[in-house]
Each structure stands twice: as structure tokens, then as C-alpha cells.
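In what follows, a single structure is set out as C-alpha cells and then discussed.
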Amino acid sequence: MLMTSMLGYAACSSDSVSKEAANVSANDNVPTDFQIQYTTPVPSEFFQAATQQGTIELVEYDSKDYTQSSRPATKKPAYVYVPYGYDPSKQYDVIYLLHGWTGVAEEYFLGRSGNSRTRLVNIFDNLIQRGLCRPFIAVSPTWDKDNRSKGWGESTREAAVFSQEYVNDLIPAVETRYSTYLTEAIPEGILASRAHRAIGGFSLGSITTWYVFEQAFDYSRMYLPMSGDNWSQGMYGGAYYPDETAKFLADLVNASPYKNDFYVWYAVGTEDVRIDQTHNQAMAMAKISDTFNSSNFSYHQKEGGRHDFNAVWEFCYHALQFFFPAENTETIVNYYNRQSRINDVMNNAAFGDYGRLIFPVNTGYWSGTTLEQLQLTWYNYIDPDKTVEVCNYLRAHADNCFIDIYTEAEKQTNPDLRNTGLFFFRGNKGQPFAICNAGGGFSYVGAMHDSFPHALELSKQGYNAFALIYRPGDAYEDLARAITFVCDHANELGVAPTGYSLWGGSAGARMAATLGNSSYLRQLTGRTDIPQASAVIMQYTGYTTVSQYDCATYACCGTSDGIASWRTMQSRLESLSALGIPTEFHSYNGLPHGFGLGTGTVAEGWLQDAVHFWQQQSSATAIRSARANTKQSDTIYSLNGIRHNSLQPGVNIVDGRKVVILKYSAKRQ
């Protein structure tokens with residue numbers, strides 16, 4: 001029902017924008033360094049209920065009908081998300097989210113029925129619980145004076161004056177009730193707390209957000225308009241008058257004392273019926289680069305995104321991490337983008353000699369000129385956005401992200417040792433560490449897809465993660481050295497020396513399993529004081545050795561893997577379980593070898609399952625049997641594991657069952 005109501009917003013009366021508007025604003029004169037940023041799907045686990053859940057509270061406040069000069073009094077509802085563990089002694093940032101046409105205040109958080117937590121609330125909970133956002137307060141009000149659906153004309157009139165209610169009534173009512181940065185409910189107090197306030201909206205809520213930007217710019221630092229434009233130059237001004245609209249917005253920004261202290265995170269789906277008005281305005285704003293640039297403006301698109309809640313969820317998931325980053329995170333400068341050349345990354349002077357190790361030194365196993373074009377032998381679903389993110393992280397931490405595990409004297413004796421090392425993705429000080437080992441058939445190291453992304457995601461959750469670059473012919477020796485090095489230098493690295501985990505895919509999984517065995521660990525390190533790993537996390541490998549000395553093991557594989565059989569992996573874990581060793585196994589319908597994080601596939605979210613398994617091992621005492629869990633979802637997948645929003649011609653996997661759809665004829669009846 002929610003999706004139906006959102007789709008209804010597209011039919012904005014008879015005044016709908018003509019498709020001809022798409023040609024009004026050309027991309028000429030847009031700075032060459034300006035890039036449209038494409039969002040990635042929300043991981044499926046973020047839609048599930050978190051264990052630490054915030055609460056939804058109703059706040060009713062006194063306001064006025066600002067569409068009438070007599071200002072009749074009204075009482076308005078606002079639904080407030082209060083984060084888990086809310087502490088009145090602390091101060092919280094606030095974001096206001098505005099619904100679209102025919103919407104109501106409660107639907108963002110409780111649905112139209114007002115009695116069930118929505119997926120957006122689950123996203124809030126998970127972002128905070130997983131350490132991707134600092135705790136924040138979210139508010140869902142209504143710009144309609146009586147919180148009910150109206151005709152298009154009346155709704156647009158009420159949206160156009162909402163900025164007055166926002167500053168005069170809503171902000172004071174909410175931010176004095178909860179512990180925020182607002183100290184006095186007067187204009188001066190609202191201005192003083194603006195850095196901790198964001199406002200955004202979808203569809204007509206986006207247009208309302210632009211009205212607030214236009215009429216009350218100074219009172220909020222962050223803006224999240226989704227699928228809608230500014231109408232200062234007329235209705236649908238972003239579509240028909242983009243350059244004039246952009247100039248108007250630039251002029252009002254430049255007239256403000258806060259012209260250097262704001263951010264607009266603008267977004268729309270590529271299949272959204274409102275892309276004309278959004279896209280044209282965004283590109284026109286980008287042309288005025290002395291006002292709108294990378295320090296205060298970004299434009300995002302969801303590939304295939306339509307005018308519905310799926311887009312809202314995805315945009316909020318990304319924007320909230322940007323607006324309210326966790327205390328242990330930082331905003332990474334976009335040094336690179338999809339079109340950046342791989343050679344330029346490797347040869348960047350900031351990396352010194354180790355830049356060449358970011359991509360495989362065995363050049364015969366990879367191809368591509370740009371980050372977007374990277375291909376690795378035996379690997380599938382390489383995510384160019386994740387490649388860019390990894391490169392930007394490494395560049396931002398170029399001074400301390402690489403660690404030599406061998407001495408200079410050892411390297412002089414054996415020059416091949418120069419092709420080894422650890423890339424460090426830092427988490428929280430004193431937290432356990434993980435060593436991630438990429439595969440590559442013991443011929444090369446496919447770190448950019450098979451260990452760097454894993455390490456980066458683990459660091460976001462507060463864990464200290466290392467990605468090992470090893471010699472394919474001496475992989476076990478190098479992993480043994482890496483474990484020894486980290487344990488011996490735990491204090492200076494800021495990591496806990498116990499409770500660590502070993503991760504790996506394909507050949508890297510064999511490495512993890514071998515060094516996760518306490519007997520092999522002692523043999524290969526030559527030490528008896530190095531603790532055994534608490535968990536081994538394995539992806540797609542046919543490793544069959546089983547021993548009472550193996551540690552707790554999590555494994556996953558695709559059912560269409562032509563290199564490593566999922567049945568072989570499941571059989572090994574069943575054998576480990578018979579020895580009393582905790583195990584967990586997942587198979588994924590239709591996935592081939594080397595799916596990495598599995599972003600956009602049926603395996604998406606497996607890493608969080610693995611983290612949960614690792615977390616359990618420090619106190620695990622009961623014997624658990626191997627579980628063959630085929631991950632299910634309410635979405636649809638093709639045989640190669642790609643996720644779809646609707647049935648496709650051919651074979652579809654729906655809830656683990658095959659559904660065959662005949663190809664459509666060229667002419668549908």
C-alpha cells in the first residue's frame with residue numbers, strides 16, 4: 001500500500017512535466033571534474049529488525065494555517081524517531097523528512113495504517129547499531145494543515161509556505177522536547193544550532209525542501225531533496241528554467257553569511273518520472289561551480305530507480321551516513337572515480353613503492369584501463385563503486401595504511417618478499433582484528449575484489465582489518481608471518497591480540513582454514529604463544545581437510561560454482577560439526593565462483609552473517625551442527641544471481657523456487 005501511494009505522487013495533476021523538458025538544459029559548461037554519483041542498493045540485512053531498536057513517538061504541536069492571512073490556529077502531528085539508548089544528557093542531530101503528495105505524517109515510520117514499523121526505521125536502527133551513523137533523531141511531519149490527502153492545488157499552496165511553520169513552530173516544538181543542540185527556541189537559537197539540523201523530502205516533499213532552502217536557508221545546514229525541484233521561477237522550474245533556477249539559488253546562497261557552510265545531497269532515480277526537473281536543475285547548479293561544488297553539493301542517481309519508496313530508502317541509507325558519520329569514521333575525499341586510470345592509482349607518489357601492490361603484481365591475471373573496467377580472472381560481480389571507495393580510502397590513509405611484515409634485511413636476501421605486506425583498514429582502538437586473504441588460484445592475489453572490500457566493511461563496523469598481499473608460491477608462510485607480526489605488535493597497532501578471525505575466498509580460504517588449525521599454526525609460525533583464531537570465514541573453496549584442531553568455521557558458496565562445489569564445503573562443515581566444532585554454512589542459488597561481497601546478488605548481506613558468527617565464538621560452548629541455509633528474500637533473482645524487482649523472461653529464482661517465464665513476443669496483446 002505504501003508503494004502504491006508513492007507511485008501516486010508521480011501523477012501530479014494535469015500539470016505534469018513534458019518529456020521535452022529533458023532537452024531544455026544541456027550539459028555544456030559543466031565542469032569536467034563534476035561526476036554524477038550512482039548509489040548502491042541497501043544491503044538486505046538493513047531491512048531486517050535490529051536488536052537495538054529506537055522508538056517512534058507522536059508529538060502534537062500548535063501551529064497556524066500559513067496559507068491564510070488571518071493565520072487560523074491548527075494543531076499538527078509529527079512522528080519522531082528516537083534512537084536506541086537515547087540519553088537526555090547527550091545532544092543529538094536532527095533530520096526532518098517530508099512526505100510526498102497525498103502522504104501523511106505517519107507513513108515514513110509507521111506506514112499509512114500507523115501500526116507497523118517501516119523498512120526506513122529498520123535502516124535507521126541498523127545504521128546506528130552497526131556504527132555507520134552516530135545516533136540521530138528523525139522527524140516526519142506534514143505540510144498539510146490537517147494531515148490528510150488534498151487536491152494538487154491545495155497541497156502545493158500549503159507546501160509553498162511550510163518554511164514558516166518549520167522555523168516558527170516545528171523546530172521549537174521538537175528540539176526543545178528532546179535533547180538536541182537547540183538551547184533557546186528563538187531564531188537566534190535555531191541559527192546557532194543549524195550545523196546539527198538537516199531537512200529532506202521526496203517528490204512534493206522535495207519541492208517543499210527547496211522552498212525551505214529558498215525561504216529559510218540559514219536555519220538548516222544539510223538538505224536532502226529527492227526527486228523534485230525548486231519552483232522559484234515557476235512550477236517545474238528545474239525542468240523548464242534550470243539555468244535561471246540555479247542562478248536564483250546561487251544568488252540567495254551568496255547573500256547568506258552561511259554561504260560556505262551548507263550541503264545539498266540531491267538525488268533521483270534514472271527511471272523516475274521526475275528525472276527531468278531534478279536532473280536539469282542539478283546539472284545547471286553544477287555549472288555554477290564557484291557556488292555549488294564538491295564541498296557543498298553532490299548529485300546522485302539510483303540506476304533503474306523509480307518514483308517510489310525503494311529510492312527513498314536507498315537515498316536515506318547513503319545520505320544519513322554522510323550527514324551523521326559515526327565518531328570513528330571520517331569523510332573520505334573523492335580522489336578517484338570510475339573513470340580514474342588504474343595506473344594513476346598505482347603510480348601515485350603518495351603511496352610510494354607499495355602503490356604497485358594495490359593491484360595484482362602478476363599482470364597476466366587482470367585487465368582494464370580504468371577502475372570501472374577492472375576485471376580479474378575467475379572473479380564475478382566486481383563492483384566498480386566499491387573499487388573506487390577502496391582506492392579513495394587507501395589514498396586518504398596513504399601515510400599509514402601499508403605495513404611491511406618482513407625486514408629490509410630479509411627483503412635483500414629474498415627480493416620476492418617485496419611483493420608482500422598488509423593493508424590496514426583501521427577500526428576502533430582495542431577491538432579484535434581480522435586478516436583477509438584474497439584468492440587467485442595461487443597464481444595471483446585478487447585483493448581489489450576478494451579482500452580489500454571485506455576489510456573495508458569490517459573496519460566500518462569497528463573491527464581492525466588487514467588485507468594480506470602474499471606470494472602465491474609461499475602463501476601459507478606469508479600468512480603465518482602476518483599473524484605473528486600483528487600479534488607481536490598488537491599494542492602499537494591498537495588491536496586486541498586475541499579473538500581474531502581469518503577470512504578468505506577461494507585460495508585465500510584454504511590459507512585461512514590451514515592457519516586456523518592450531519596444529520598447523522604452531523608448525524608454520526614456529527611459536528606456541530600465538531593464540532588460535534576464534535573463527536575462520538571461508539568463501540568458495542573445495543578444501544576438504546578436517547581435524548580436531550580446526551577452529552569454528554563459517555562457509556558460503558554459490559550453487560553454480562564450477563570451481564568449488566558447495567556440496568564439498570557443506571560436507572566438510574558437517575564433519576567439523578561431528579567433532580564438536582561450531583559451524584555455519586550458506587549456499588546461494590545460482591551464484592558462480594568469486595562473488596566477493598555479493599552486492600546486488602542473492603548473497604548480499606552474507607558478510608554480516610559471518611560477523612555475527614565470529615562474534616558468537618568468544619562465548620560459544622554448545623555444539624552446533626552445520627546448517628545449509630539457502631538465503632531467501634522477497635526479491636527475485638536470475639540464475640546468475642542478479643537481483644531484479646520483477647519477473648524476467650527466462651528462469652527466475654523466487655523464494656528458492658524456479659519460476660519460468662516465456663519470452664515476451666515483440667507485440668504484446
Side-chain angles (χ1 to χ4, degrees), residues 40-48 50 122 126 129-130 132 317 379-383 385-386 434 436-439 446 449-461 463 465 467 501-506 508-509 512-513 535-541 543 552-561 563-570 572-573 582-617 624 626-638 640-643 653 655-656:
T40 55
V42 179
S44 58
E45 66 268 21
F46 280 74
F47 292 132
Q48 307 304 313
N122 288 341
N126 279 290
Q129 180 176 327
R130 297 166 192 266
L132 299 180
Y317 167 76
Y379 283 106
N380 296 280
Y381 309 114
I382 297 174
D383 181 358
D385 291 321
K386 185 59 64 177
C436 302
N437 307 279
H449 177 63
D450 215 28
S451 64
F452 286 163
H454 304 59
L456 179 58
E457 292 307 304
L458 289 172
S459 73
K460 290 179 181 178
Q461 298 189 36
Y463 296 103
S501 60
L502 298 175
W503 297 58
S506 198
V536 163
I537 311 298
M538 307 174 65
Q539 290 183 273
Y540 34 76
T541 189
Y543 186 75
T553 303
Y554 172 102
C556 63
C557 190
T559 61
S560 295
D561 194 319
I563 297 176
S565 168
W566 67 271
R567 292 184 176 86
T568 299
M569 296 191 76
Q570 181 183 358
R572 177 174 182 265
L573 264 65
T583 61
E584 183 171 322
F585 176 72
H586 293 252
S587 61
Y588 301 106
N589 280 335
L591 280 193
H593 192 73
F595 54 80
L597 292 181
T599 303
T601 77
V602 67
E604 186 173 294
W606 77 265
L607 184 138
Q608 192 56 43
D609 292 335
V611 168
H612 181 66
F613 177 82
W614 175 22
Q615 291 170 337
Q616 290 178 309
Q617 302 321 308
R624 287 173 284 178
R627 305 199 305 260
N629 294 339
T630 301
K631 202 169 183 67
Q632 304 299 348
S633 174
D634 57 358
T635 46
I636 300 165
Y637 299 86
S638 60
N640 64 0
I642 294 294
R643 185 169 58 189
I653 304 296
D655 292 335

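- Between the CG atom of Leu607 and the CH2 atom of Trp503 there is a distance of 4.0 Å, given to the nearest 0.5 Å.
- Residues Glu604 and Pro43 approach most closely at OE2-CA, 3.1 Å, considering heavy atoms.
- Pairing each heavy atom of Val536 with each of Ala512, the nearest pair is CG2-O, 3.5 Å.
- Among all heavy-atom pairs drawn from Pro592 and Phe595, the shortest one is O-CD2, 3.6 Å.
- Contacts of Tyr317 classified as side-chain hydrogen bond (donor to acceptor under 3.5 Å, both in side chains), with partners at least two apart in sequence or in another chain: none.
- Scanning both residues, Cys436 and Leu458, for their nearest heavy atoms gives SG-CD1, 4.0 Å.
- Counting heavy atoms from C-beta on, the side chains of Met538 and Tyr543 come closer than 4.5 Å.
- Every side chain to side chain contact (heavy atoms under 4.5 Å, CB included) that Gln129 has, sequence neighbours left out, goes to Ala50, Thr51, Gln52.
- The nearest pair of heavy atoms linking Ala467 to Ser451 is CB-OG, 3.8 Å.
- Geometrically, Arg130 engages Phe46 in a cation-pi contact, judged by NZ or CZ lying under 6.0 Å from the ring centre and within 45° of the ring axis.
- From Tyr588, atom OH reaches atom CH2 of Trp566 across 13.0 Å, with rounding to the nearest 0.5 Å.
- When all heavy atoms of Cys557 and Asp561 are compared, the pair lying nearest together is SG-OD2, 3.7 Å.
- The line from OG1 of Thr541 to NE2 of His593 is 7.5 Å long, rounded to the nearest 0.5 Å.
- Panel note: side chain His449, backbone Gly594; a donor-acceptor pair is recorded below 3.5 Å.
- One finds the CD atom of Glu584 at 6.0 Å from the CG atom of Asp609 (value rounded to the nearest 0.5 Å).
- Not a single donor-acceptor pair under 3.5 Å links the side chain of Asn126 to the backbone N or O of Phe47.
- Judged as a side-chain hydrogen bond (donor to acceptor under 3.5 Å, both in side chains), and not counting sequence neighbours, Tyr554 has no contacts.
- Taking CG from Leu502 and CD1 from Ile537, the interatomic distance works out to 9.0 Å, rounded to the nearest 0.5 Å.
- Counting only N and O atoms by type, the side chains of Gln539 and His454 include a donor and acceptor under 3.5 Å apart.
- With Ser44 contributing its side chain and Gly605 its backbone, the two residues share no donor-acceptor pair below 3.5 Å.
- We find the OG1-CG distance between Thr599 and Asp383 to be 5.0 Å, quoted to the nearest 0.5 Å.
- Between Tyr463 and Trp614, the gap from one ring centroid to the other is short of 6.0 Å.
- Applying the side-chain hydrogen bond (donor to acceptor under 3.5 Å, both in side chains) rule to Asp450 yields the partners Tyr379, Tyr540; only residues at least two apart in sequence or on another chain are considered.
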